[in-house]
Amino acid sequence: MDYAIDLIRDIEKKWHAKWTEMQLYKVVEDTSRPKYYVLDMFPYPSGSGLHVGHPLGYVASDIFSRYKRLRGFNVLHPMGFDAFGLPAEQYAIETGQHPAETTKKNIAYFREQLMRMGFSYDWTREVKTSDPKFYKWTQWIFMQLFKCWYNPYTNKAEYLNSLIAILEQEGSTKLFILDKCATSISADDWKQLSEKEQQQFLMQFRLAYLAYADVWWCEVLGTVLANDEVKDGVSERGGHPVEKIKMRQWFLRITNYAERLLEGLERVDFSDSMKEMQRNWIGKSEGALVNFSLANGDGSIQIFTTRPDTIFGASFMVLAPEHHLVEKITTKDQKIDVELYVSYVKSRSERDRISEVKKVSGQFTGAFAINPFSGKQIPIYIAEYVLAGYGTGAIMAVPSNDDRDRAFAEKYDIEIIEVVDQGAYPNAEREDKVGKIINSDFLNGLEVKNAIQKIITEIENKSIGKRKINFRLRDAGYSRQRYWGEPFPVYYKDEIPYLLDEKDLPVILPEVETYKPSGAGKSPLSSLTEWVNLPDGTTRETDTMPGYAGSSWYFYRYMDVDNTEAFASTEKIKYWKDVDMYIGGTEHAVGHLLYSRMWNKFLYDLNLVEVDEPYKKLVNQGMIQGFSKIVYRVSGTNLFVTKGEKHKYEVTELRVDIKLVDGDELDIEKFKMWRNDFADAEFILEDGKFICGSELEKMSKSKHNVVNPDEVIDTYGADCFRIYEMFLGPIDAGKPWDTKGITGVYGFLRKLWRLFVDENGDLKITNDKATAVELKILHKTLKKASEDIERLSFNTAVSAFMICVNELGAAMCYKQEILEKFLITVAPFAPFITDELWQKMGNSGSIHTAVWPEYNPEYLVENSFNYPVSINGKARANIELPIDMPIDEIERQVMALESVLKWTEGKTPKKVIIVKGKIVNVVV
RNA sequence: GCCCGGGUGGUGAAAUUGGUAGACAUACCAGCUUGAGGGGCUGGCGCCCGCAAGGGUGUGCAAGUUCGAAUCUUGUCCCGGGCACCA
C-alpha cells in the first residue's frame, strides 16, 4: 500500500479519535516529574481562519513539547484565544452581527484547524479572553491595580493603606522630594481634605488611574480612531479629516516599573535584539531638570536635558505645541500665528512629527526666557519636533550639539554658540557625548562627562533644578471607547471613580442595539441608560479595556482554568511556576511582552505568583509573507487595465483576493462576482489576458493575500505540512510562503513509510541484528536530531532525517532495532504516521509516551581523519591521521609531510596551527 | 526619521566556536524504468576557461584585522519588522 492521501486521511482520522478517547494530551499536575511549560502566543481569531504564518510557531512549539515529553517532562502546552478586539467590532458595525457571535464562529473554525494539524494541546485548558469566567479575573486584577500604589521605599506595589498611613503621619513632603508626588502637603493638610479631594490626591499614586490624554477623533465618523486607522492625516475609512482631542481615560502606571523591567531583562533568555528593543522602548536617560525663568519675570519653564553641559550654548527654547504654558506666554502679536501652528500640529501624528528631518517647522511665541548661566535673553518657540509626552514637553535648544536644534536655528536665524570642541574625536557626531567644553565659563576645558557632573552640582546649588533619570516609557493608555472589550468594574460618584464590590464580578458586557459609538465619541455602552445609571444615583464607567488586558496574564489561567475562587490556585501556580519556553512573533516585542511583564511583577509584589519574570526563554518566529495581487483601475471609472498597459492611464491600485488569480492572470468572471460594484466592470487586456501586479508583504485579510493551510493539508496531509513549514528555514527568519519544495518533504515521508511497509500494506520488519554501518547511520541521526531540536533548529533536524532515510533506504534496512529508535525521534515531527506504525510493530502503549533514545558515541568513532593542510594559505594537501594522535605527534607528522613535498623548501615550520586536535595550517 | 533584524547558486537554504562554502531539498538538463502518472531510479548542476583532468574566481558592495573571514571591524547600498488605540 502506498503512502497516499487516502491512507493519510484514514490515519489522521483514526489517531485523532484515539487521542481524544485516551485524553492523551490532558496534563495533570504531578510533583514526581519535572514540569515544563511551553506556551504559544494565542491568536486573535480573525474571520479568515488561520493562515500559513500562524502554524510556524505552533508547529515549532508542538515539536518541542512532544520532544520534552519523550524526555520525561510533565509538559503544559495549552492554547486559547485572544478574543476581544477591533476587527470583530468593525465587522459588527458593518453587518450588525454581534461580535460575540462572529467571535464564537471564528474560534470554532480556528480550533478545528489547529486540531487538524495534530497539535498536542490540552484542550481542556482552553481560555478565551472574552469569556466572563476569564475576564472576571482581568477585572479583578484591574481592581488590585486601582487599589495599589508603588511604594518607593520598599520598591514594590502595596495597597493604598500603607500610603495613607504615610500621609497621615508625615504628609507628602518626602514623596514630593522623591518626585513621586506633584505637590507637597503636610499631614494636617491631608486630614483637612474632603473625601473628594483625598480621592483626587490619591489618584496620582494609584497603579491604575484616570488622566487626560490625546486620542484621534474623527468628526464625520463620530468615533475615536486607532493609530492604525489613521493614514496620512485622514481616516483610513472614508478619508475624513481627523484631529487629536483630549479625553479622560484610564492609564496603568507602568513607568513605576521602568527600572525593574529594565533590570529583569538581565535574567531572562530573550534574543539580544528583543532585549535591545525593550531597552530602547523603556529609554532610560540620565540628565537634569532645569528651570528657565521667563524674561518678563512671570514664572519659569522647566526643561529636561541629557546634555546640561551644553547649557551655555542654549540659545533658544522650544515648547511642545500642546504645552500648557503656550497660551499663557504667547504675546498678542504672535497669537494668530501660534494658534494656526497649534491647529496644524493637531492633524499630525507623532511619527510624522519626529520623522520630519528635511524641513523643521515651528513658530515664535513672542516670549523670552533667561538662560540661567549665560544670563542671555533667549527666544521661546513652539515646534512639532518637541513632544508633550517626553521629558517635560519643553527643551533648551543647543544648536551646536543637536542636529534638529541646529537645523531650526539655521532656518530661523538664531545664534549658534559652539560649546564642545570635538577636534580630538575626528569620527564623533555632533550629538556624541565626547569632546572638550569651550565658551562656557567655569566648564571650559572639561571633558563632556565631567562637565555634566559639575554643571548638575552647580544647578542643584543654585536651586534652579536637579539631577533626574528620565524614561521614554510612558504610562499605558488603558481605556478604549469601544464595545468589544472588558467593562470596567468601576462606577462614578461625584466625578470620582470607585470600585464595585468584588462579589459583583464579573461585570458582564451588556447587549447593545448598535456597535457604533454614541455621541461625542463615547463607547456604545454609554447609550444603555439603564445599565449606566445605578439605582443609587451613581453611574458606571462606559469605556472598555484594551486588547492587551487579557493577554497580560492569560498564561496563569491555563494553570487552573476552572477556578472560581482565584485567577489560579496557589498550589498550581507553585507547581507550574513560569513559562519555560514562549514562542511568538517579534511584533509583540514592546507591547504585549512589556505589559505582561509588568502585570506579572505587580502580581509578584502582592505575593500572588512565584517569580517576577514570567518568561524564562522567548523565541521569535519569523513572519510568513504572502504575495498580494494587484489590479489597476483607471481612476474614477469601473475600467480595469492589465499590467502591461497601465502606463497609458492614470490608475489606482487595488488588491484583489489571491483566489481570483491564477499565476499572474486574473479570472475575470470570478472577479466580477467578487464584489457587487465590479459586476459591470470592463477590462483592457494584453494578449487576451488580464495580468495582475504582485507585491510581497505581510499576510493580512485586508490585503487579500492570506493563504489558508487547509488546502495544503487536504493535498499532502498534516505531517507533510508541519514538516514542510519547518523545512522552509530557521523559525526566526521571515520568508514568503510558497509550496515549491513541498514535494521533497512528501517524498521523504513516502520513503520513510516504505522502509517498513510493502506494496500490500504489510509490515516488513525483521529482528535481524543491525550492522555497524546501520548503527552508525542511526546514532549519527540521533545525535544530530537531539542537538538540533534542543537549539530549535528544526530545518536542519529535518535534513538529518532525510539523510538518514536516504542512507537506510540504500541499505534496505528495516530492522526493528534501528527503526524503533528512528521513529521515536521523528515522532515530534510526524505524529500521525509514527503512532500508527508503533502499534503495528507490536509495541504496547503510545509512541508519544515512549522514551527518547540517547545516542551512543561508540558507534560514531572514526579511527582516522582527513584534514587539509595549507602552507601560508597557499599549497594544500590532505593528511590522514589517527583520531587519538597526540598533538606533538601531529606536528611531527606534518613536518614529515612537508619534507616529502618540499613545500617548505628545507625550512622548518615556525608554527603549526591546530584547532580541535586538527591541523589547519602551517606557517613557515 | 528612529530602533531592531537580514542580504550565500535559478529557488528555500546549510556551514553549531574564525578552519575544505553551497549539506538537505527544489527547479532545470541527460539517461534508465513505466501502458499511464503529482510514479521509481541513476548521473550532472555557483560562475569563467577546458572534451576531460585540472585551473581561476566566488557569500550585496568597498575597505580592514588574520596564516586563514559567509562568520570579526568600519563604511555603504538594498530588503523586512516595530514605532505607544491592529493584535
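Just so we're on the same page: letters track the sequence lines, and every chain starts at 1.
Nearest approach of A:L749 to A:Y3, heavy atoms of both residues: CB-CE2, 3.8 Å.
Distance check on atom P: B:U34 versus B:A25 gives 26 Å, rounded to whole Å. Taking atom C1' in both B:U17 and B:G9, one finds a spacing of 27 Å when rounded to whole Å. Taking atom P on both nucleotides, B:C2 is separated from B:A23 by 40 Å, rounded to a whole Å. A distance of about 27 Å separates the C1' atoms of B:A62 and B:G10, rounded to the whole Å. To the nearest whole angstrom, the two P atoms, one in B:C3 and one in B:U16, are 30 Å apart. Separating the P atom of B:A69 from that of B:G56 is a span of 16 Å, rounded to the nearest Å. Taking atom P in both B:G54 and B:G22, the straight-line distance is 16 Å, to the nearest Å. Going from the P atom of B:A15 to that of B:U65 covers 29 Å, rounded to whole Å.
Anti is the glycosidic conformation of B:G39, whose angle departs from 0 by more than 90°.
In this structure, CZ of A:R474 is placed 13 Å from P of B:C83, rounded to the nearest angstrom. The separation between A:H592 atom NE2 and B:C86 atom C1' is 15 Å, rounded to whole Å. Here B:C4 presents its P atom at 15 Å from NZ of A:K275, a figure rounded to the nearest Å. Rounded to a whole Å, the NZ atom of A:K244 is 13 Å from the C1' atom of B:A84. Remark: P of B:G80 and CG of A:D732 are 18 Å apart, rounded to the nearest angstrom. Separating the OH atom of A:Y478 from the P atom of B:A84 is a distance of 20 Å, rounded to the nearest angstrom. The interatomic distance linking A:D788 (CG) with B:A14 (C1') rounds to 11 Å, in whole Å. When the P atom of B:G40 is taken as reference, atom OH of A:Y746 falls 10 Å away, rounded to whole Å.
Figure legend. B:C72 is base-paired to B:G64; pairs are counted as Watson-Crick or G-U wobble with both atom distances under 3.5 Å. Pair assignment for B:G39: B:U33, on the basis of Watson-Crick or G-U wobble contacts that are both within less than 3.5 Å. If you check B:C83 for Watson-Crick or wobble pairing at under 3.5 angstrom, you find it paired to B:G1. Across all strands shown, nothing is found opposite B:A53 as a Watson-Crick or G-U wobble partner with both distances under 3.5 Å. Across the strands present, B:U11 finds its partner in B:A25; the criterion is a Watson-Crick or G-U wobble pair with both atom distances under 3.5 angstrom.
In this structure, A:N470 contributes its side chain and A:K284 its backbone to no donor-acceptor pair below 3.5 Å. Within the 3.5 Å criterion, the main-chain N or O of A:Y483 finds no donor-acceptor partner in the side chain of A:S523.
Residue order along RNA chain B, read from the 5' end via each residue's closest nucleotide, puts A:E276 first among A:E276 and A:G747. Checking A:M274 against A:G477, the closest nucleotide of RNA chain B that is more toward the 5' end is the one next to A:M274.
In this structure, A:K784 reaches the bases: a heavy-atom distance under 4.0 Å links it to at least one base atom across the strands shown. Residue contacts for A:P43: at a heavy-atom cut-off of 4.0 Å it reaches no nucleic acid atom on any strand shown. A:Y716 comes within 4.0 angstrom of a nucleotide base, judged by non-hydrogen atoms across all strands. Counting any heavy atom pair closer than 4.0 Å across all strands shown, A:R750 reaches sugar-phosphate atoms only and no base atom. Here A:S793 lies out of heavy-atom contact (under 4.0 Å) with every strand.
Contact annotation: A:N795 side-chain N/O to B:G12 OP1/OP2 distance is not under 4.0 Å. Taking 4.0 angstrom as the limit, A:R754 places none of its side-chain polar atoms (N or O) nearer than this to OP1 or OP2 of B:G40.
Surrounding CD of A:E790 are more than 12 heavy atoms belonging to other residues, nucleotides or ligands, all under 6.0 Å away.
In this structure, the nucleotide among B:C83, B:A87, B:C4 sitting nearest to the side chain of A:W281 is B:C83. For A:Q249, the side-chain atoms get nearest to B:C85 when compared with the rest of B:U16, B:C4, B:C85. Side-chain atoms of A:T796 lie closest to B:A14 of the nucleotides B:C85, B:A14, B:C86.
In this pair, A:H592 and A:Y554 present their aromatic rings tilted. The plane angle is within the 30 to 60° band.
Residues satisfying the salt bridge (Lys or Arg N to Asp or Glu O under 4.0 Å) criterion with A:K246, sequence neighbours excluded, are A:D214.
A:Y135 and A:F84 have their aromatic ring centers within a separation under 6.0 angstrom. Separation of the A:Y257 and A:W599 ring centroids does not fall under the 6.0 Å cut-off. Between A:F822 and A:F801, the gap from one ring centroid to the other is short of 6.0 Å.
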What N/O pairs connect the protein and nucleotides 24-30 of chain B at under 3.5 Å? Give each pair on its own line.
unit_1, atom_1, unit_2, atom_2, d
B:A25, OP1, A:N806, ND2, 2.5

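Looking at A:Y212, A:F488, A:Y478 one by one, the single match for ring-ring contact (aromatic ring centres under 6.0 Å, His included) with A:W250 turns out to be A:F488.
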